[in-house]
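In this text the structure is predicted, and so the values were computed from the model without any measurement.
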There are 2 protein chains.
Amino acid sequence: MTKTRVSLAVVKRLPKYYRYLGMIEEKGIIRVSSQELSAITGLTASQIRQDLNHFGGFGQQGYGYNVEELRSEIEKIIGINKSYKAIILGCGNIGKAIMNYKGFKSSGFNIVDVFDHGDKVGNKIFDYEIKDVDKLDEYLAENKPEIAIIAIPTEQAQKVCDRLVEGGIKGIWNFASVDLKLPKNVVLENVHLDESLYTLTYYMNNLFDYPGTKN
Amino acid sequence: MTKTRVSLAVVKRLPKYYRYLGMIEEKGIIRVSSQELSAITGLTASQIRQDLNHFGGFGQQGYGYNVEELRSEIEKIIGINKSYKAIILGCGNIGKAIMNYKGFKSSGFNIVDVFDHGDKVGNKIFDYEIKDVDKLDEYLAENKPEIAIIAIPTEQAQKVCDRLVEGGIKGIWNFASVDLKLPKNVVLENVHLDESLYTLTYYMNNLFDYPGTKN
DNA sequence: TAGATTGTTAATCGATTAACAATC
DNA sequence: TAGATTGTTAATCGATTAACAATC
């Protein structure tokens with residue numbers, strides 16, 4: 001009995017479940033049925049039950065799901081019960097936005113250091129003294145951060161990515177507009193802002209195709 | 001003969017085609033086959049031909065596609081040959097990052113004004129004098145921007161969204177962690193950074209499920 | 001026990017891939 | 001004309017939805 005691969009579509013819905021469960025937990029609601037979850041998330045009850053069952057039988061017939069338990073299970077599945085050491089590459093606009101984003105620390109993400117090159121090295125931005133990207137390799141060997149956040153110009157991204165992989169990084173959150181090449185034991189998640197914006201303009205100009213809020 | 005709806009999956013691939021075509025056009029390459037495009041994009045040749053044929057027969061049997069022509073067609077399809085007036089709601093980290101992001105203006109996106117409330121009103125950030133969100137409604141009536149970028153805290157997002165819709169906004173690029181409710185003639189595109197980050201940690205913790213760079 | 005709701009199997013729907021005739 | 005490669009139809013694959021037996 002080999003576990004069957006959980007599809008990307010399912011994985012992308014987990015944060016949504018987590019978010020809504022947090023909201024109803026805060027309201028003091030104890031139990032919830034797939035039908036009620038359907039009403040607030042806009043997904044079908046059937047899909048919700050299918051999705052959750054990939055990870056275990058968290059519900060109970062005739063009762064539904066215990067909100068607190070389900071939320072905590074999903075938290076574990078996503079892996080946000082742990083804490084992570086992250087570094088940021090690039091202290092431009094996006095780098096700064098992430099440095100300063102309170103939401104992360106509270107979810108167990110610790111931005112331990114920030115790298116850039118040239119003039120910027122040594123500057124202090126939001127409590128971070130910018131480190132020299134030329135010394136990245138030694139840094140990785142010594143400090144073993146798990147996550148690297150790429151917020152540097154497109155042209156430099158692949159090169160830095162290679163060094164990150166070499167240095168043992170486990171996950172890369174990439175904000176540069178490139179499809180980075182890396183071995184598949186290092187996880188890549190892209191935030192391609194330009195592609196997102198283009199999707200917006202596409203639908204503004206082709207309203208007929210717009211599926212509504214299904215994305 | 002009614003046009004059949006173009007699926008979200010196809011629409012999300014258009015920016016990718018656009019980006020790679022730009023790259024090979026810069027190299028001075030004149031023609032390209034679906035097979036060559038397959039090699040650089042990682043998509044199958046069959047899928048590429050299917051995708052492009054949703055929008056017209058841009059290719060030629062025995063020849064392939066003319067790079068410049070195809071790129072320019074996709075540009076029109078996505079709608080980035082036009083220019084857009086955009087406003088930003090919120091001058092926090094993300095608001096600032098977008099204000100300052102050069103890539104946008106060059107693609108025809110003009111950030112004409114930035115709104116916030118309280119102390120921040122009247123401040124000057126990157127050439128923008130922050131306007132009062134309380135005066136948003138009059139502003140919209142007068143200036144008719146097409147795109148609004150929501151970069152304010154989650155709790156306030158829906159309310160501001162309602163006013164944007166009321167004021168005739170055509171597209172919303174939303175950075176707040178909420179599923180905004182709006183009529184389906186207003187286009188919504190979300191950038192949910194927390195969900196993206198959770199996808200990263202999920203796969204870091206469940207490498208078996210990781211599909212590689214298929215997203 | 002009766003009612004509710006899950007977990008799970010089967011049916012449907014949609015998207016991707018394969019194949020090939022059309023045609024440059 | 002022969003070779004190449006598209007446009008398009010058909011086959012396959014996968015994801016979503018529907019249905020219902022299991023069970024709390």
Side-chain angles (χ1 to χ4, degrees), chain A residues 1-14 16-17 21 24 29-67 69-71 73-74 77 209-215, chain B residues 1-14 16-17 21 24 29-67 69-70 73-74 77 199 209-215:
Chain A
M1 194 208 76
T2 43
K3 188 201 171 208
T4 125
R5 199 186 278 267
V6 176
S7 78
L8 178 63
V10 174
V11 173
K12 290 273 177 194
R13 281 193 292 269
L14 291 176
K16 190 168 196 171
Y17 295 132
L21 286 166
I24 61 183
I29 293 168
I30 303 298
R31 50 166 280 205
V32 69
S33 68
S34 59
Q35 201 171 129
E36 290 164 332
L37 277 174
S38 169
I40 55 174
T41 60
L43 306 171
T44 66
S46 190
Q47 181 165 65
I48 292 168
R49 293 201 301 279
Q50 284 272 28
D51 283 358
L52 297 178
N53 268 93
H54 278 107
F55 305 100
F58 302 130
Q60 206 163 88
Q61 283 97 331
Y63 175 85
Y65 302 87
N66 178 284
V67 174
E69 185 203 323
L70 183 56
R71 180 173 172 282
E73 288 293 343
I74 293 178
I77 293 163
D209 290 328
Y210 186 50
T213 316
K214 287 286 166 201
N215 49 339
Chain B
M1 195 209 75
T2 43
K3 187 202 170 207
T4 127
R5 201 185 275 267
V6 176
S7 79
L8 178 62
V10 174
V11 173
K12 290 274 177 194
R13 281 191 294 269
L14 291 176
K16 191 169 196 172
Y17 295 132
L21 285 165
I24 61 182
I29 294 168
I30 304 297
R31 52 167 279 204
V32 68
S33 69
S34 58
Q35 202 171 128
E36 290 164 333
L37 277 174
S38 168
I40 56 175
T41 60
L43 307 171
T44 66
S46 190
Q47 181 166 66
I48 292 168
R49 291 201 303 277
Q50 283 274 25
D51 283 358
L52 297 178
N53 269 93
H54 279 109
F55 305 101
F58 302 130
Q60 205 164 89
Q61 283 97 329
Y63 175 84
Y65 302 87
N66 177 285
V67 174
E69 185 203 321
L70 183 56
E73 288 293 342
I74 294 178
I77 294 163
T199 304
D209 290 328
Y210 185 50
T213 314
K214 287 285 165 201
N215 49 339

TODO: Could you please spell out the steps behind the side-chain contact (heavy atoms from CB on, under 4.5 Å) verdict for Leu43(B) and Ser38(B)?
DONE: CA-CA 5 Å; Leu43(B) 307 171; Ser38(B) 168; 5.9 Å; no
What's [X] touching, base or sugar-phosphate or nothing? Going by heavy atoms closer than 4.0 Å.
| X | value |
| --- | --- |
| Arg5(A) | nothing |
| Gln35(B) | nothing |
| Ser46(A) | base |

Task: Dot-bracket notation for DNA chain C, counting Watson-Crick and G-U pairs under 3.5 Å, with | for partners on another strand - done: ..||||||||||||||||||||||
Open item on the list: Using a 6.0 Å cut-off, check whether atom CD of Gln35(B) has over 12 heavy atoms from anything other than its own residue.
Closed with: no
TODO: Can you sort out which residues in residues 58-66 of chain B have a heavy atom within less than 4.0 Å of DNA chain D? Ascending by number, please.
DONE: Phe58(B), Gly59(B), Gln60(B), Gln61(B), Gly62(B), Tyr63(B), Gly64(B), Tyr65(B)
TODO: Give the intermediate values and the outcome of side-chain contact (heavy atoms from CB on, under 4.5 Å) for residues Ile30(B) and Val67(B).
DONE: CA-CA 5 Å; Ile30(B) 304 297; Val67(B) 174; 5.8 Å; no
Task: Nearest-nucleotide comparison on DNA chain D, the residue closer to the 5′ end among Ser34(B) and Asp51(A) - done: Ser34(B)
- [ ] Tell me which of Arg49(A) and Ala9(A) sits closer to the 5' end of DNA chain D, going by the nucleotide each one is nearest to.
- [x] Ala9(A)
Task: Range on DNA chain C touched by chain A, heavy atoms, distance below 4.0 Å - done: dA4(C) to dA10(C)
Open item on the list: By the salt bridge (Lys or Arg N to Asp or Glu O under 4.0 Å) test, which pairs, at least two apart or in different chains, include something from residues 52-62 of chain A?
Closed with: none
Open item on the list: Strictly by salt bridge (Lys or Arg N to Asp or Glu O under 4.0 Å), give each pair with a member in residues 39-48 of chain A just once, sequence neighbours left out.
Closed with: none
Report all side-chain donor-acceptor pairs from residues 49-57 of chain B shorter than 3.5 Å, counting only partners two or more places apart or in another chain.
residue	atom	partner	partner atom	Å
Arg49(B)	NH1	Ser34(B)	OG	3.0
Asp51(B)	OD1	Arg13(B)	NH2	3.1
Asp51(B)	OD2	Arg13(B)	NE	2.6
Asp51(B)	OD2	Arg13(B)	NH2	3.3
Asp51(B)	OD2	Tyr17(B)	OH	2.6
His54(B)	ND1	Gln50(B)	O	3.3
His54(B)	ND1	Asp51(B)	O	3.4

Open item on the list: Just to verify, what does Ser46(A) make a side chain to side chain contact (heavy atoms under 4.5 Å, CB included) with, not counting sequence neighbours?
Closed with: Thr44(A)
- [ ] Could I get the full list of side chain to side chain contact (heavy atoms under 4.5 Å, CB included) partners for Glu36(A), not counting sequence neighbours?
- [x] Val32(A), Ser33(A)
- [ ] Determine whether Asp209(A) and Val6(B) make a side-chain contact, defined as any pair of heavy atoms from C-beta on separated by less than 4.5 Å.
- [x] yes
Open item on the list: Between Asn66(B) and Arg31(B) (side chain of the first, backbone of the second, donor and acceptor by atom type, cut-off under 3.5 Å), is there such a pair?
Closed with: no
Would you tabulate the side-chain donor-acceptor contacts of residues 58-65 of chain A under 3.5 Å, counting partners in other chains and residues two or more places apart, or write 'none'?
none

